[in-house]
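Side-chain atoms are counted along with the backbone in the values below, which use heavy atoms only and exclude waters and symmetry mates.
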Amino acid sequence: MTQTPAASAQNSPQSSSLRRLVPRIFSRAPSRNGVEQLVRTVRTHHPKGDVSIIERAYQVAAAAHASQKRQSGEPYITHPLAVAQILADLGLGPRAIAAALLHDTVEDTDYSLDQLAADFGDEVAMLVDGVTKLDKVKYGDAAQAETVRKMIVAMSKDIRVLLIKLADRLHNARTWGFVPPEKAAKKATETLEIYAPLAHRLGIQAVKSELEDLSFAVLHPKLYAEIDSLVKQRTPQREEYMHSVIDAVEEDLRDLRIRGRVMGRPKQLYSVYQKMVVRGREFDDIYDLIGIRVLVNNVRDCYAVLGSIHARWTPLPGRFKDYIATPKFNLYQSLHTTVIGPGGRTVEIQIRTNEMHQQAEYGVAAHWKYKERMAGGKPDAKAVDADMAWLAHISDWQAETADPGEFLDSLRFEIGAKEVYVFTPKGRVIGLPAGGTPVDFAYAVHTEVGHRTMGAKVNGRLVPLESELHSGDVVEVFTSKNPDAGPSQDWLTFVKSTRARNKIRGWFTKERREEAVEQGKDAIARAMRRQNLPLQRLMNQDSFTEVAHQLRYEDVTALYAAVGEGHISTQSVIEKVTALVEPRRRTPPPARSRSRTSAGPRPRAAATPASSCAAHRTSW
């Protein structure tokens, strides 16, 4: 996070060109009334919150960073202050804001975590420590997956750690114009792959949109400037057209006697770029260049407004989405429709309640407010942790995936994938990745249901297990009663969810291990028979356990599995076991050796083979 002056980077020709094309990445923080504005914002969301902790945190951070500068030449304290302001705008409370102000002190100054805990309490220290741990791991092709893994683990413990990290990345992105272009490009790529999708997954649209636009500006400055110019050229005509649509919708609201607000929807440049370049659309064919948003007081009004809009203008087939009845995984709710508006031009319209709008813009940050609301010194009892099921899902999923590279690939797919929502026969909603199958559905219900699946019905009709499911489908799976039933290797070729893939692989890994253990035991037994060794006596002793530990296996079972998988030879194991046992058998006990001294060695030597053979015959 620490940035030091780099005058050469700022004065380079490339930097000057970027400043002309993309002035947004050369932002500077406001120089006056910083902490006063921050406190006012926090009081707006938390009138009864203790803002004194924010003022104290600012004083400590300002003193700790007093000698440091940003690459923009600004005092370093402007960065934590800007991060704290972003979080205050999202509605987080005093302790999270204090942690944001202090988030760089432990990493970049002499101010220790123990001292921070003593000054501000364990909760603030935990948040700062979580952010610090995320920043200590260097990014790279090999380390990136491990970094993201740590981020997810930290997030599952306290999501405010991730919110601080996202705000930190957003403010740094606003100043990428002051860092070397190569470093800015690397950070922008990382942001598009990891941070923007996570912000989307958490429903924080305001942060996600700006991160995408700033990353797009750094990676493709000329394209950014060109699309920005095209949008601005259309702005006067678009504004005039949009006002005519807004006037018509407001007239419908008056007729329905519904209180609401109708406004134009801001256009995201990165979204236009994706539609033009990635999907091959012409600029004039992009629907959501003209979009409006209707905010009303309750859900009933949402559907009433939708009906009036569809009565006025013809809806475009296939463009209606009801995210109120079936919310997105990140809790987003809204009605989406595209209509053929005045003059035959397409218009995208979103209809939602004011609460849904707060959720859409601020996502999980809006839900987190209850953690900061104190009632009699205790957190609000109406915790909405159930809504954070995705966090637990991600935490469990990353624990199931041992390989860091596979985890990152899965994460990129999982957080970027669209979802479908299907129903169980009892009406429970199950979210699946786009293209999900009945097998994915079965594993989403329960692991054992997935393992024993043998058939499926979709909307009352029998379908193949590889059939693609669509939103609204009612899915029923049939399971085998055979206790030995298990998944098929073929399922790995068509399942889409990470959970299903990991569970299927885990089942076959366990099955192969059990087979390897049996094969290893049989191989050792056969080899000992061929060498006329006393199998039963050796197996009853601790020799195999000692040999397993010598070879650095956890237990005897792991040793058998290694033999069965061919990692170690049976002869090597037998030699080590007999090397341990033979000295014990040949060394007589001290008391009996004195009583048999007169017998001499010859009778014992003659007796040993006979007794061994007798033992061998007895055991087999």
Side-chain angles (χ1 to χ4, degrees), residues 44-48 89-92 200 202-206 208-209 242-266 288 290-316 319-339 341 347-373 375 380-390 419 421 423 427-429 431 471-472:
T44 301
H45 295 286
H46 303 272
K48 298 181 181 179
D89 292 336
L90 291 176
L92 268 71
H200 168 67
L202 296 174
I204 313 173
Q205 189 67 25
K208 175 247 185 188
S209 299
M242 192 180 297
H243 283 302
S244 69
V245 175
I246 290 174
D247 291 342
V249 175
E250 287 178 339
E251 182 183 335
D252 287 344
L253 290 179
R254 287 192 295 271
D255 292 343
L256 293 168
R257 296 183 180 181
I258 291 175
R259 290 185 178 181
R261 289 184 294 153
V262 187
M263 65 194 78
R265 188 160 55 83
D288 55 355
I290 300 173
I292 68 169
R293 184 173 289 146
V294 184
L295 303 183
V296 294
N297 292 327
N298 56 59
V299 173
R300 179 175 293 181
D301 290 347
C302 290
Y303 289 101
V305 172
L306 176 71
S308 70
I309 289 173
H310 282 183
R312 178 182 286 272
W313 295 306
T314 304
L316 212 61
R319 297 283 296 177
F320 171 66
K321 302 289 184 183
D322 187 347
Y323 294 121
I324 293 180
T326 54
K328 289 187 178 181
F329 213 116
N330 59 13
L331 316 181
Y332 175 88
Q333 288 184 289
S334 187
L335 295 176
H336 289 195
T337 187
T338 302
V339 298
V347 183
E348 272 200 357
I349 300 174
Q350 297 176 351
I351 308 166
R352 61 179 70 143
T353 67
N354 291 298
E355 289 182 0
M356 291 173 189
H357 182 61
Q358 286 292 109
Q359 178 67 48
E361 291 298 302
Y362 305 128
V364 73
H367 264 292
W368 191 258
K369 287 183 183 179
Y370 81 93
K371 283 284 189 183
E372 295 288 349
R373 292 178 187 146
D380 189 340
K382 295 181 179 179
V384 291
D385 286 331
D387 290 333
M388 299 300 100
W390 179 71
E419 289 161 343
Y421 294 87
F423 298 91
R428 177 185 165 197
V429 178
S471 289

Undergrad: Could you tell me if the side chain of R312 sits less than 4.5 Å from the side chain of V249, heavy atoms only?
TA: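 They are not in side-chain contact.
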Undergrad: At what distance, to the nearest 0.5 angstrom, does CD of E250 lie from CE of M263?
TA: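 One finds 10.0 Å between CD of E250 and CE of M263.
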Undergrad: Could you check if a side-chain atom of L253 sits within less than 4.5 angstrom of a side-chain atom of V305, using non-hydrogen atoms only?
TA: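 Yes. Closest side-chain heavy atoms under 4.5 Å.
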Undergrad: Looking only at heavy atoms, which two atoms of G341 and W313 are closest? And how far apart?
TA: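 Residues G341 and W313, closest heavy atoms: CA-CD1, 3.9 Å.
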Undergrad: Can you name the closest pair of heavy atoms from T326 and D322 and give their distance?
TA: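 That would be OG1-O, 3.0 Å.
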Undergrad: Testing the basics here: between Y303 and A325, what is the closest heavy-atom pair and its distance to 0.1 Å?
TA: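 Scanning both residues completely, I find the closest heavy atoms to be OH-N, 3.9 Å.
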Undergrad: Are any side-chain N or O atoms of S334 and backbone N or O atoms of I351, one a donor and one an acceptor, separated by less than 3.5 Å?
TA: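 Side chain of S334 to backbone of I351, a donor-acceptor pair under 3.5 Å: yes, one is there.
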Undergrad: Identify the heavy atoms of L256 and A304 that sit nearest to each other, and give their distance.
TA: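 Taking every non-hydrogen atom into account, CD1-O, 3.8 Å.
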Undergrad: Is a side-chain N or O of H357 found less than 3.5 angstrom from the main chain of V294, in a donor-acceptor match?
TA: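 No, H357 side chain to V294 backbone: no donor-acceptor pair under 3.5 Å.
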Undergrad: On a heavy-atom basis, which atom in R319 and which in T338 lie closest, and how many Å separate them?
TA: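 Looking at all heavy atoms of both residues, the shortest contact is NE-OG1, 3.3 Å.
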Undergrad: State, yes or no, whether a side-chain contact exists between R352 and Y332 at a heavy-atom distance under 4.5 Å.
TA: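 Result yes, sub-4.5 Å side-chain heavy-atom pair found.
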Undergrad: What distance do H45 atom NE2 and L90 atom CG have between them, rounded to the nearest 0.5 Å?
TA: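 With rounding to 0.5 Å, NE2 (H45) is 8.0 Å from CG (L90).
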Undergrad: Considering the options T314, I309, V245, which one meets the side chain to side chain contact (heavy atoms under 4.5 Å, CB included) requirement together with V339?
TA: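 Among T314, I309, V245, the one meeting side chain to side chain contact (heavy atoms under 4.5 Å, CB included) with V339 is I309.
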Undergrad: Just how far is it from atom CD1 of I292 to atom CD1 of I349, taken to the nearest 0.5 Å?
TA: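 If we round to the nearest 0.5 Å, I292:CD1 and I349:CD1 are 4.5 Å apart.
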Undergrad: Give, for atom CG of N298 and atom CG of N354, the distance between the pair rounded to the nearest 0.5 Å.
TA: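 Output value for this atom pair is 10.0 Å.
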Undergrad: Please lay out, stage by stage, how Q333 and T353 fare under the test side-chain contact (heavy atoms from CB on, under 4.5 Å).
TA: CA-CA 9 Å; Q333 288 184 289; T353 67; over 6 Å; no
Undergrad: To the nearest 0.5 angstrom, please state how far the NE2 atom of H336 sits from the CZ atom of R293.
TA: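 With rounding to 0.5 Å, NE2 (H336) is 8.0 Å from CZ (R293).
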Undergrad: Please round to the nearest 0.5 Å and tell me the distance separating atom CD of Q358 and atom CD of E355.
TA: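 Rounded to the nearest 0.5 Å, the CD-CD separation comes to 9.0 Å.
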Undergrad: Compare every heavy atom of L335 with every heavy atom of C302, then report the nearest pair and how far apart it is.
TA: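 Nearest pair, atom of C302 first, then L335: O-CD1, 3.7 Å.
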